[in-house]
Visitor: 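Just dropping this structure here.
We use all heavy atoms of the structure for the numbers below, so side chains are in, but hydrogens, waters and symmetry mates are not.
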Amino acid sequence: MNKQWERLIITEVNFAMYVAPHTGKTAHQDRPYHGLVLNDSDSVKDYCFSDGRVMRTEGGCLFYLPKGSSYQIKTYSYGGCYAINFDADIEDEPFSVILRNPERVAHDFKLAASACKSGADFRYTATMLALYNAVYQAQKEAHREYLPTNRTGLIEPALRKLNSDFTGNDLTVAQLAELCGMSEVYFRKLFLNSLGVPPKEYMIQKRMEYAKTLLLSGNFSVAEAAIMCGYAEPCHFSREFKKRFGISPKNYK
């Protein structure tokens, strides 16, 4: 995100819209407008540009697509996104920013998309407001040190909960983020950068290590081990086990 954004003057708004999962084009040639896009929380996509550059966009990610760019989209996790196309006297490379509070930008983008869809008289004002607020939030993220030095310390409450209650069926990432006093998107980013795996994968790894102990003890069947590890369905447990260890829990036992 270069310095030009600090003096951004939007000259034209083309449209604001919500692109639902499994819709929208996967290839774009010579974009006619600049674009700011906000992903839903469960969206993971790569934007593969014609110059060989690849930009990964994740849930809660705000990203910029330059006017004139050509790219293809590879989807890894289907989720929707809000998009605003606009014109402005600006030149920059594609960039993405993980927002600490994407809900604020999502609210503005949603209002702009709704106004454009309905043809409301205030649609241009709503879209301009959404754009400038999004740029402001992106600038704040770009100018702050995103990950503090003591990263693990910030997620310590979640780690304690995970290590003591990793077999809980009702344990969610949202609850873990709340324990740490931060948004779910920021928590996921902080956890991944601190431990190298997403929080859900960390919990599964803990379950699988516990499962090996139960099975090797000879005191529990596969079905019993599955329940003790937090799986209501033994078949789900077996799939996770084999995916990680290359052998079924029955054969391991």
Side-chain angles (χ1 to χ4, degrees), residues 1-6 8 10 13-106 108-109 112-113 130-147 183-194 196-198 201:
M1 191 174 195
N2 64 31
K3 289 286 186 179
Q4 296 179 55
W5 292 91
E6 295 178 2
L8 176 69
I10 300 169
V13 172
N14 176 246
F15 68 82
M17 67 178 298
Y18 179 71
V19 183
H22 302 282
T23 65
K25 297 192 298 183
T26 59
H28 294 256
Q29 187 71 29
D30 194 19
R31 277 186 65 93
Y33 292 94
H34 301 284
L36 273 182
V37 185
L38 179 69
N39 272 347
D40 284 347
S41 60
D42 53 352
S43 179
V44 180
K45 299 176 182 177
D46 278 348
Y47 284 73
C48 306
F49 293 88
S50 57
D51 61 1
R53 185 191 339 241
V54 178
M55 179 173 67
R56 169 62 58 91
T57 68
E58 302 174 350
C61 177
L62 178 73
F63 56 98
Y64 166 68
L65 299 170
K67 181 178 180 179
S69 60
S70 301
Y71 51 88
Q72 291 187 330
I73 304 172
K74 293 183 179 179
T75 300
Y76 299 97
S77 177
Y78 283 95
C81 65
Y82 285 98
I84 298 180
N85 279 5
F86 64 98
D87 217 344
D89 186 16
I90 191 171
E91 291 185 11
D92 199 1
E93 304 297 329
F95 65 79
S96 63
V97 179
I98 295 290
L99 300 175
R100 297 193 186 201
N101 294 298
E103 297 82 7
R104 181 180 304 173
V105 176
D108 292 341
F109 273 44
L131 279 171
Y132 279 117
N133 280 344
V135 171
Y136 169 65
Q137 295 298 329
Q139 285 177 320
K140 287 204 304 181
E141 295 295 344
H143 287 83
R144 74 166 45 134
E145 181 178 309
Y146 186 73
L147 293 175
S183 73
E184 185 175 341
V185 171
Y186 184 55
F187 171 75
R188 288 179 184 275
K189 185 71 173 180
L190 203 58
F191 197 101
L192 179 62
N193 279 273
S194 299
V197 294
E201 177 61 25

Visitor: Run the side chain to side chain donor-acceptor pair (under 3.5 Å) test against E201 and tell me which residues pass, sequence neighbours left out.
Guide: Q205, R244
Visitor: Can you list everything that forms a side-chain contact (heavy atoms from CB on, under 4.5 Å) with R53? Sequence neighbours excluded, please.
Guide: F49, D51, E93, P94
Visitor: Does any pair with a residue in residues 17-39 pass salt bridge (charged side-chain N to carboxylate O under 4.0 Å, His left out), and if so which ones, sequence neighbours excluded?
Guide: none
Visitor: Hey, is OH on Y76 packed in by over 12 heavy atoms from elsewhere, all under 6.0 Å?
Guide: yes
Visitor: How long is the span from the OG atom in S41 to the CD atom in E103, to the nearest 0.5 Å?
Guide: 9.0 Å
Visitor: Could you work out, with ring-ring contact (aromatic ring centres under 6.0 Å, His included) as the rule, every residue matching F95, not counting sequence neighbours?
Guide: W5, Y64
Visitor: For T57, give me all partners under side-chain contact (heavy atoms from CB on, under 4.5 Å), at least two apart in sequence or on another chain.
Guide: N39, K45, Y47, M55, C61, F63
Visitor: If you compare all heavy atoms of V37 against all heavy atoms of A83, which two are closest, and at what distance to 0.1 Å?
Guide: CG2-CB, 4.1 Å
Visitor: Please name all residues satisfying side chain to side chain donor-acceptor pair (under 3.5 Å) with Q137, sequence neighbours left out, ordered by chain then number.
Guide: none
Visitor: Looking only at heavy atoms, what is the nearest atom pair of I10 and A88, with distance?
Guide: CA-CB, 4.1 Å
Visitor: May I have all residue pairs that pass salt bridge (charged side-chain N to carboxylate O under 4.0 Å, His left out) and include part of residues 74-91, sequence neighbours excluded?
Guide: K67-D87
Visitor: Could you tell me if the side chain of V135 sits less than 4.5 Å from the side chain of M1, heavy atoms only?
Guide: yes
Visitor: Please identify each residue that fulfils side-chain contact (heavy atoms from CB on, under 4.5 Å) with N14, with sequence neighbours left out.
Guide: Y33, N85
Visitor: Looking at OH of Y78 and OG of S43, how far apart are the two atoms once the value is rounded to the nearest 0.5 Å?
Guide: 10.5 Å
Visitor: Would you please name every residue forming a salt bridge (charged side-chain N to carboxylate O under 4.0 Å, His left out) with D46, sequence neighbours left out?
Guide: R56
Visitor: Can you tell me if CD on Q29 sees more than 12 non-hydrogen neighbours from other groups inside 6.0 Å?
Guide: no
Visitor: side-chain contact (heavy atoms from CB on, under 4.5 Å) with L192: which residues, sequence neighbours excluded?
Guide: P198
Visitor: List the atom of D108, the atom of A130, and the distance in Å for their closest heavy-atom pair.
Guide: O-CB, 3.6 Å
Visitor: Only counting residues at least two apart or in another chain, list the ones meeting ring-ring contact (aromatic ring centres under 6.0 Å, His included) with Y82.
Guide: Y18
Visitor: In chain order, what residues pass the salt bridge (charged side-chain N to carboxylate O under 4.0 Å, His left out) check against D92, with sequence neighbours excluded?
Guide: none
Visitor: Any chance you could measure C81, atom SG, to L38, atom CG, to the nearest 0.5 Å?
Guide: 8.5 Å
Visitor: Rounded to the nearest 0.5 Å, what's the gap from NE2 on H34 to OG on S69? Could you check?
Guide: 9.5 Å
Visitor: List the atom of F109, the atom of L36, and the distance in Å for their closest heavy-atom pair.
Guide: CE2-O, 3.7 Å
Visitor: Could you report the tightest heavy-atom contact between A112 and I84, atom names first, then the distance?
Guide: CB-CD1, 4.5 Å
